[in-house]
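Each remark here refers to the structure printed beneath this line.
Side chains included, hydrogens not; waters and symmetry mates left out as well; all remaining heavy atoms used.
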Amino acid sequence: MTRTPPGPLPPELARLASVLTELKTGTGLSLAALAAKTTFSKSSWERYLNGRTLPPRQAVQELCRLAGEPEGRCLALWELAESEWSGRAAPATPTQKATPTQKATPTQKTTPTQKTTPPRKPTQTPAPTQMPAPAETHAPPPTHAPPEAEVSPAVGGRGAVMALLASVCAIAAGGLSVALVLLAGQSADPRPSPPPSPSAPAPRCRAAACEGRSPMHMRCGTAPLTLASHRSSSGAHLELRYSEKCEAGWARMWSTRIGDRLELNRAGAGRRPHAAEVTDDIAAQSYVYTPMTEARPGTTVRACFRPAAGGSRECFDARVI
């Protein structure tokens, strides 16, 4: 996956790159530090975050682990981008319909002509050719194997029986040895151990110092708690988030529309709420965060959603435990 798509970025790849950039910002890591903590180089991460190259699935998973985010939504975006990038999302070509006609090869049609050769044998040895005739009239070919196996010991005597038993034992012993070798190979094959989880970077603010600041830039977005979730009437997903290390909370939204607005405030704060608004199509398919507010244990935080299409404001709150 090294080619660069001509022209503007495909929409699915642009959404994936936007989400990965937000996660990278939340970790507080530079490109060099991100490369040191993952299995991908600095130049590779630069291409992934700019949308010039589709990142591998493993790169998305490693960045989610570093940012403390669940992998589900990012991997879903990656699946859509990978389908668009590889062309699997396009309709199937009509050349695939020609595959059933390949089954009838001209070589198979010549097989009946080969069956006409046996009539030469009756002219040379007429007696043996009379033997298979009644066998074909009585039963199909698979039923002849048991009678032939029963007659042969009578002709060959005890030596033939011993030879048959020896061949059966040899086949069984060979199969057992192959099974043991395969089992031994599987047990000896080392399994890679999961990589150790990297240590999360220290936050850059705490409590009142986080007021009005970005949770991603202040490194408070690493492994936060979800205090409450809400689904708006327009289909937007809303969450109240909280960081114990930063002692601050914020709200986020996704699956939104351009012009949607999310506000956050603390109960009894007596100030204007912090707000975030969806400004373009890429933001509408990505996470949009509000600035943070101080939220110590016992504090109640409240989020209100204002849809761009109008309608009533939808609010929900949660208490920090």
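Contact detail for Ala59 and Tyr48: the closest heavy-atom pair is CB-CE1, 4.2 Å. Residue Thr256 comes nearest to Ala236 through the heavy atom pair CG2-CB, 3.8 Å, listed as atom of the first residue, atom of the second, then distance. Residues Glu314 and Ser232 approach most closely at OE1-CA, 3.2 Å, considering heavy atoms. The minimum heavy-atom distance linking Leu262 with Thr290 is given by the pair O-CG2, 3.6 Å. Shown here for Gly221 and Met216, the closest heavy-atom pair between the two residues is CA-CE, 3.5 Å. Smallest separation of non-hydrogen atoms from Pro56 and Trp78: C-NE1, 3.8 Å.
For the disulfide bond (SG atoms under 2.5 Å apart) condition, no pair includes a residue of residues 52-85, sequence neighbours left out. For the side-chain hydrogen bond (donor to acceptor under 3.5 Å, both in side chains) condition, the pairs that include at least one residue of residues 267-284, sequence neighbours left out, are Glu211-His274.
Under the side-chain contact (heavy atoms from CB on, under 4.5 Å) criterion, Ala207 pairs with Glu247, Glu294, Arg296, sequence neighbours left out. The ring-ring contact (aromatic ring centres under 6.0 Å, His included) check on His230 picks up Phe316, with sequence neighbours excluded. The ring-ring contact (aromatic ring centres under 6.0 Å, His included) search around His237 returns Trp254, not counting sequence neighbours.
Here CG of Leu240 is found 10.0 Å from CZ of Arg302. Values are rounded to the nearest 0.5 Å. Annotation: the span from Cys304 atom SG to Leu264 atom CG amounts to 9.0 Å, rounded to 0.5 Å. Atom-to-atom distance recorded for Glu82:CD and Leu54:CG is 6.5 Å, nearest 0.5 angstrom. Taken from OG in Ser214 to CD in Glu22, the straight-line distance is 9.0 Å, to the nearest 0.5 Å. From Arg261, atom CZ reaches atom CE of Met253 across 9.0 Å, with rounding to the nearest 0.5 Å. Rounding to the nearest 0.5 Å gives a distance of 9.0 Å between CD of Glu12 and OG of Ser83.
Annotation: side chain of Trp250 is in contact with side chain of Cys220 (closest heavy-atom distance under 4.5 Å). Side-chain atoms of Val288 and Asp260, non-hydrogen and from C-beta on, never get closer than 4.5 Å to each other. Proximity of Arg313 to Glu263: side-chain heavy atoms (C-beta onward) are separated by under 4.5 Å at one or more points. Contact annotation: the side chain of Leu29 approaches that of Leu66 to within less than 4.5 Å [non-hydrogen atoms, C-beta and beyond]. Using a 4.5 Å heavy-atom cutoff, the side chains of Leu63 and Leu34 are in contact. Between Leu16 and Leu80, the closest side-chain pair of non-hydrogen atoms is not below 4.5 Å. Side-chain contact check for Tyr242 versus Val301: every heavy-atom pair is 4.5 Å or farther apart.
Because its NZ or CZ atom is not both nearer than 6.0 Å to the ring centre of Tyr289 and within 45° of the ring axis, Arg241 does not count as a cation-pi partner of that residue.
Clustering of Ile, Leu, Val, Met, Phe, Trp and Tyr by side-chain heavy atoms under 4.5 Å joins Ile258 with none of the others.
Remark: the backbone N or O of Ser286 is not paired with any side-chain donor or acceptor of Arg15 at under 3.5 angstrom. Of the possible polar contacts, one joining the Glu62 side chain to the Thr39 backbone as a donor-acceptor pair under 3.5 Å is found. Using a distance-only test at 3.5 Å, with no hydrogens or angles considered, a donor-acceptor pair links the side chain of Thr25 to the main chain of Thr21. With Thr27 contributing its side chain and Lys24 its backbone, the two residues share a donor-acceptor pair below 3.5 Å.
No more than 12 heavy atoms of other residues, nucleotides or ligands shown are found within 6.0 angstrom of CZ on Arg257. Counting non-hydrogen atoms of neighbouring residues, nucleotides and ligands closer than 6.0 angstrom, the CZ atom of Arg219 exceeds 12 such neighbours.
A single hydrophobic cluster is seen to contain both Leu75 and Leu23, as judged by linkage of ILVMFWY side chains at heavy-atom distances under 4.5 Å, directly or through other members. Residues Val19 and Val278 do not share a hydrophobic cluster, defined by chaining ILVMFWY side chains whose heavy atoms lie under 4.5 Å apart. With hydrophobic clusters built from ILVMFWY side chains whose heavy atoms lie under 4.5 angstrom apart, Phe40 shares a cluster with Val60.
The existence of a salt bridge linking Arg65 and Glu71 is confirmed by a sub-4.0 Å separation between a basic side-chain nitrogen and an acidic carboxylate oxygen.
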Take Glu69 and Arg252 through the test salt bridge (charged side-chain N to carboxylate O under 4.0 Å, His left out) and record every step on the way to the result.
CA-CA 13 Å; Glu69 283 286 338; Arg252 72 174 181 178; 3.3 Å; yes

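Cys205 has its SG atom at least 2.5 Å from the SG atom of Cys246.
Looking at Thr300, Thr299, Thr293 one by one, the single match for side chain to side chain donor-acceptor pair (under 3.5 Å) with Arg266 turns out to be Thr293.
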